[in-house]
Amino acid sequence: MALLFGCGMRVSEVLNLKPEHIDRKRGVINIISGKGNKDRIVPLGNDLLVLLSKYWLEYRPKTYMFNGQISEQYSMSSINQFLKQIAHKAGVNKNLHSHLGRHSYASQLWANGVDLSKIREILGHNTEKTTRIYTKCTAQIISSVRSPYTFL
């Protein structure tokens, strides 16, 4: 969940993440053969790096960063089931899905002034039109816009 919201990764990219894709020195994750068979990098903050390091030390993954209980790789259904469980425990009665982390990531970058072209590059979109779908205007953004009336 931390990678979905903290890096804007797709669920399939999290599931296919291998320990060697994490570049500790540069502070990035290398997405190899993402959607459309494209490679890209996403920023990896220090907090997430610490979390991933703790996970790695505890579980010692072999091929994929996140092992499943039965198979070598964690499954998409397990991620969605986990999300529904934590939403229920938190009293959230909305239909949540794992892709919301990616949308929230983009919206937060946009709200914090990150240029749309950079967000497009991080998310791996071909066009800014697609990225705009992800960058919802938050109340914070809307309230920061000055009315043209104040320019008079």
Side-chain angles (χ1 to χ4, degrees), residues 1-128 130-141:
M1 292 295 136
L3 292 177
L4 298 173
F5 178 72
C7 295
M9 293 172 68
R10 294 177 178 95
V11 176
S12 60
E13 294 167 344
V14 172
L15 295 175
N16 291 316
L17 182 66
K18 296 180 178 178
E20 61 267 20
H21 296 163
I22 299 166
D23 188 334
R24 300 171 62 91
K25 289 181 182 165
R26 293 188 321 153
V28 297
I29 294 177
N30 295 295
I31 306 296
I32 308 299
S33 297
K35 186 174 180 181
N37 207 27
K38 291 189 289 187
D39 296 346
R40 70 178 202 285
I41 59 171
V42 296
L44 175 63
N46 195 50
D47 291 346
L48 280 175
L49 181 57
V50 169
L51 187 66
L52 288 173
S53 296
K54 286 180 182 178
Y55 179 88
W56 190 85
L57 287 170
E58 185 171 341
Y59 294 100
R60 299 290 181 172
K62 302 258 184 285
T63 305
Y64 296 100
M65 188 66 185
F66 304 106
N67 300 318
Q69 290 180 332
I70 298 169
S71 69
E72 184 179 44
Q73 190 177 27
Y74 207 74
S75 72
M76 190 174 301
S77 61
S78 292
I79 288 178
N80 285 315
Q81 183 180 16
F82 174 74
L83 181 59
K84 288 177 185 187
Q85 288 172 353
I86 59 172
H88 179 73
K89 285 181 184 178
V92 176
N93 295 321
K94 293 185 179 187
N95 184 18
L96 299 181
H97 53 86
S98 53
H99 204 65
L100 283 174
R102 186 167 160 83
H103 280 268
S104 297
Y105 175 81
S107 293
Q108 287 301 310
L109 289 179
W110 182 245
N112 286 290
V114 176
D115 183 72
L116 194 63
S117 63
K118 288 180 183 171
I119 298 171
R120 181 192 64 77
E121 187 74 25
I122 293 168
L123 294 180
H125 293 151
N126 289 326
T127 67
E128 286 188 8
T130 305
T131 306
R132 282 191 183 95
I133 295 167
Y134 283 69
T135 53
K136 306 289 186 222
C137 267
T138 64
Q140 176 186 0
I141 292 171

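Numbers here simply count residues along the sequence, with the first being 1.
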More than 12 non-hydrogen atoms from neighbouring residues, nucleotides or ligands closer than 6.0 Å to [atom1] on [X], yes or no?
X	atom1	answer
Ile70	CD1	no
Glu121	CD	no
Asp115	CG	yes

[X] and [Y]: which non-hydrogen atoms are nearest, and at how many Å?
X	Y	answer
Tyr105	Gly6	CE1-O, 3.3 Å
Val114	Lys118	CG1-CB, 4.0 Å
Ile122	Pro43	CG2-CD, 3.9 Å

TODO: Answer with yes or no after comparing the ring centroid distance for Tyr59 and Phe66 against a 6.0 Å cut-off, counting only values under it.
DONE: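 They do not qualify: ring centres at least 6.0 Å apart.
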Please round to the nearest 0.5 Å and tell me the distance separating atom [atom1] of [X] and atom [atom2] of [Y].
X	Y	atom1	atom2	result
Ser78	Leu83	OG	CG	12.5 Å
Met65	Tyr74	CE	OH	14.0 Å
Leu4	Leu100	CG	CG	10.0 Å
Glu128	Arg120	CD	CZ	6.5 Å
Thr63	Asn16	OG1	CG	11.5 Å
Arg132	Trp110	CZ	CH2	7.0 Å

Any side-chain heavy atom of [X] within less than 4.5 Å of one from [Y]?
X	Y	answer
Leu52	Leu44	yes
Phe82	Ile86	yes
Leu96	Lys84	no
Ile29	Leu17	yes
Leu123	Ile119	yes
Asn67	Lys62	no
Arg102	Phe5	no
Tyr55	Leu51	no

Pairing donors with acceptors under 3.5 angstrom, does anything connect the side chains of [X] and [Y]?
X	Y	value
Glu20	Asn30	no
Asn126	Lys38	yes
Thr130	Thr127	yes
Ser98	Arg10	no

Hey, does the side chain of [X] reach the backbone of [Y] with a donor-acceptor pair shorter than 3.5 angstrom?
X	Y	result
Ser107	His103	yes
Asp39	Ser33	yes
Gln73	Leu15	yes
Arg40	Ile32	no
His21	Lys18	yes

Open item on the list: Is the ring pair His99/His97 parallel, tilted or perpendicular, if the boundaries are 30 and 60 degrees?
Closed with: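 Rings of His99 and His97: parallel, under 30°.
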- [ ] Would you sort out whether Val42 and Ile31 count as a side chain to side chain contact (heavy atoms under 4.5 Å, CB included), showing the intermediate values?
- [x] CA-CA 7 Å; Val42 296; Ile31 306 296; 4.3 Å; yes
